[in-house]
Amino acid sequence: MTEMAQQTTATSPGHVEYVMRMGDNALILGQRTAEWCGHSPVLEEDMALANMALDLIGQARMLLTHAGRLEGRGRDEDALAFQRNEPAFRNLTLCELPNEDFARTMLRIALFSRFQLLLWERLLSSTDSELAAIAAKSIKEARYHAQHSGDWVVRLGDGTEESHRRAQAALDYLWPYTAEFFIPSAADEAAAEAGVGPLWSTLEADWEAAVRPLLEEAMLSLPAPVPFRSQGKFGRHSEHMGHLLAEMQYLQRIHPGARW
Amino acid sequence: MYTQALDLPQQNPEGRPPSLAENPAWQAEFDAKIDAGGFIEPKDWMPEAYRKTLVRQISQHAHSEIVGMLPEGNWISRAPTLKRKAILLAKVQDEGGHGLYLYAAAETLGVSRDKLTDALLSGRAKYSSIFNYPTLSWADVGVIGWLVDGAAIMNQIPLCKCSYGPYARAMVRICKEESFHQRQGFDALLQLMQGTEAQREMVQDAVNRWWWPSIMMFGPHDSDSTHTGQNTRWGIKRISNDDLRQKFIDATVKQAEVLGVTLPDPELKWNEQRGHYDFGRIDWEEFWNVVNGHGQCNVDRLAARRKAWDDGAWVREAAMAHADKAARRAQAAA
């Protein structure tokens, strides 16, 4: 590849959006997961959930820093996390939904981490060497998230009557949001074209193959398909997003230009 | 696996060894070990009063770590940068880890974590009253690291040599992490003090609110302290409340100068003759009010802990039910 072609690849808006979307997923799910710290059902889960939140925030820092550099407008991780409004965030809607209860929290991590894991696997061979390096570090974290959350999904689904009911309710609520993972997008096309990363739509079969056995083991029934498609990754979010950002961004917003 | 550490109801929570009976020869051996500066280990004979004192102190310490996750946890969602968010989250997670080591140390004395948790949630057990003060601004997070963790370290370093082995070893690890937290707190404040006028005001306001509660953390004056004598004899307490408080104040005044904040005590001044800083009168009425449940956050802190515990009951039950089912299935397959 010539130097000019590399330059073109590195600065394509699709490439930037692809990386930023991944950073936003990690940031917003990390923010949500961290809400559990100090409030979990058992002390060991305070530790585990904080751990997963820390991993996600760490991934967000690397991805947003990288996205900011690719973008070339001088925005660092904090400018991107704290100075953008809802429509500029490209995270999956699933990541911003409220935690609700422990069943929804663990099921969300189980569904998302299995998707993220497939993505990290493909990104190990990205033409974007920085992204490949982030994938190499993050893949180990995603494996742990998938394992830990999966163990809980099984325990809850195949636990008591109440835990089964809650796990099924969590699945019924979250499942429609998973369709968004695989909606084709222009950013995907650009990234795939340049060898940056896969079209997310191509991960659907592998993701289902990873998720179905887990849900079966947990004795959970797959909800019927619905026509609804959430659009967070295109910048059209749920009502929850504005509240999440209002809280997360508050200090940066009321002290413009301050350093922390 | 995280659930392995869940308290199993069928465990015997008060399963004490038969060595519990008082015996003059064992007492002499115990005293000699303490006098020689040795460690008492879980399997060693120990006087019942020593055991009870340790259970009370270690569990109060564990409860303090767990309740202590709440005031700082209040700022995780609003931390002003991603780096500060990660640091704060890791710190609050460390406090949970300290709680775990300490509950484990208490369990070696024959009490169960569930029983200790019940004592906390029912209001029978105490925790450090410093956590009944509210965290009102981002600077509170830094000030808690600097002053509250700083005071905790002063209190806890002597415990690394306390006579009960499991407690002493837990404290070595905890003290290392606490001193890291203190440095991070101080670093966050230094950054704020180099910032805008509003940020500096935020720090001074936080110092004004946390200074007196921090120096109260060393407990009542030696002349009013009920447990000190026996605990010193047992090697559980090595340095008196007043000596530790003085040491903390002497060290902190210099740090306040580096930061450029004013400690809110007009009587704070160097006493050449004593070689220490003199300081103003501590409002013990406030201290006892907060200890006895009348601080701003006592009700809310305990309510938050109870809510977490009660809301989590179905999760703990599910884990047990699933483990039972899995065991039955394995048995049937064998």
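All figures in this text were calculated on a predicted structure; none of them were measured in a lab.
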Please identify, among A:Leu27, A:Leu244, A:Leu156, A:Asp46, the residue contributing the most non-hydrogen atom pairs under 4.5 Å to chain B. A:Leu156

If the condition is side chain to side chain contact (heavy atoms under 4.5 Å, CB included), which residues does B:Pro134 pass it with, not counting sequence neighbours? B:Leu136, B:Gln296, B:Cys297

CA sep, side-chain torsions, deciding dist, call: B:Arg316, A:Glu44, salt bridge (Lys or Arg N to Asp or Glu O under 4.0 Å): CA-CA 11 Å; B:Arg316 298 189 300 275; A:Glu44 283 78 357; over 6 Å; no

Is it the side chain or the backbone of A:Glu35 that comes within 4.5 Å of chain B heavy atoms, both, or neither? neither

Who among B:Ala188, B:Ala90, B:Gly99 has the most heavy-atom pairs with chain A under 4.5 Å? B:Ala90

Tell me if the CZ atom of B:Arg173 is crowded by more than 12 foreign heavy atoms within 6.0 Å. no

Nearest heavy-atom neighbours spanning A:Ala53 and B:Leu89: CB-CD2, 3.6 Å

Does anything in residues 58-84 of chain B reach chain A? List residues with heavy atoms under 4.5 Å apart, or say none. B:Ile66, B:Met69, B:Leu70, B:Trp75, B:Ile76, B:Ser77, B:Arg78, B:Ala79, B:Pro80, B:Thr81, B:Leu82, B:Lys83, B:Arg84

Can you tell me if B:Phe180 has over 12 outside heavy atoms packed within less than 6.0 Å of its CZ? no

In terms of side-chain geometry, is the basic nitrogen of A:Asp78 or B:Lys85 positioned less than 4.0 Å from the acidic oxygen of its partner? no

Where do A:Val42 and B:Val315 land on the side-chain contact (heavy atoms from CB on, under 4.5 Å) test, with the steps shown first? CA-CA 9 Å; A:Val42 64; B:Val315 176; over 6 Å; no

What part of B:Gln199 lies closer than 4.5 angstrom to a heavy atom of chain A: side chain, backbone, both or neither? side chain

Can you check whether B:Gly195's main-chain N or O pairs, donor with acceptor, with A:Arg259's side chain at less than 3.5 Å? no

Which bit of A:Arg166 comes within less than 4.5 Å of chain B, counting heavy atoms only: side chain, backbone, both or neither? side chain

Gap separating the CD atom of B:Glu317 from the CZ atom of A:Arg155, nearest 0.5 angstrom: 15.0 Å

Please rank A:Leu49, A:Thr160, A:Leu251, A:Ile57 by heavy-atom pairs under 4.5 Å with chain B and give me the top one. A:Leu251

Heavy-atom pairs under 4.5 Å with chain B are the metric here; pick the option from A:Gln252, A:Met248, A:Arg61 that has the most. A:Arg61

How about CZ on A:Arg75, more than 12 heavy atoms from neighbouring residues, nucleotides or ligands closer than 6.0 Å, or not? yes

Applying side-chain contact (heavy atoms from CB on, under 4.5 Å), run through A:Asp158 and B:Arg329 and close with a yes or a no. CA-CA 12 Å; A:Asp158 184 26; B:Arg329 280 196 290 259; 2.7 Å; yes

Under 3.5 Å donor-acceptor, B:Gln93 side chain and A:Cys37 backbone: no

If you count heavy-atom pairs under 4.5 Å with chain B, which of A:Glu247, A:Glu162, A:Arg32, A:His39 comes out on top? A:Glu247

In terms of heavy-atom proximity below 4.5 Å to chain B, should A:Ala81 be classed as side chain, backbone, both, or neither? side chain

Given that the side chain runs from C-beta out, which part of B:Met193 has a heavy atom under 4.5 Å from chain A: side chain, backbone, both or neither? neither

Show the numbers, then the answer: is there a side-chain contact (heavy atoms from CB on, under 4.5 Å) between B:Met202 and A:His255? CA-CA 12 Å; B:Met202 200 189 276; A:His255 297 280; 3.5 Å; yes

Counting a contact as any heavy-atom pair under 4.5 Å apart, which residues of residues 92-110 of chain A contact chain B? A:Asp101, A:Phe102, A:Ala103

With chain A as the partner chain, list the residues of residues 307-314 of chain B whose heavy atoms fall under 4.5 Å from it, by residue number, and write 'none' if nothing qualifies. B:Ala308, B:Trp309, B:Gly312, B:Trp314

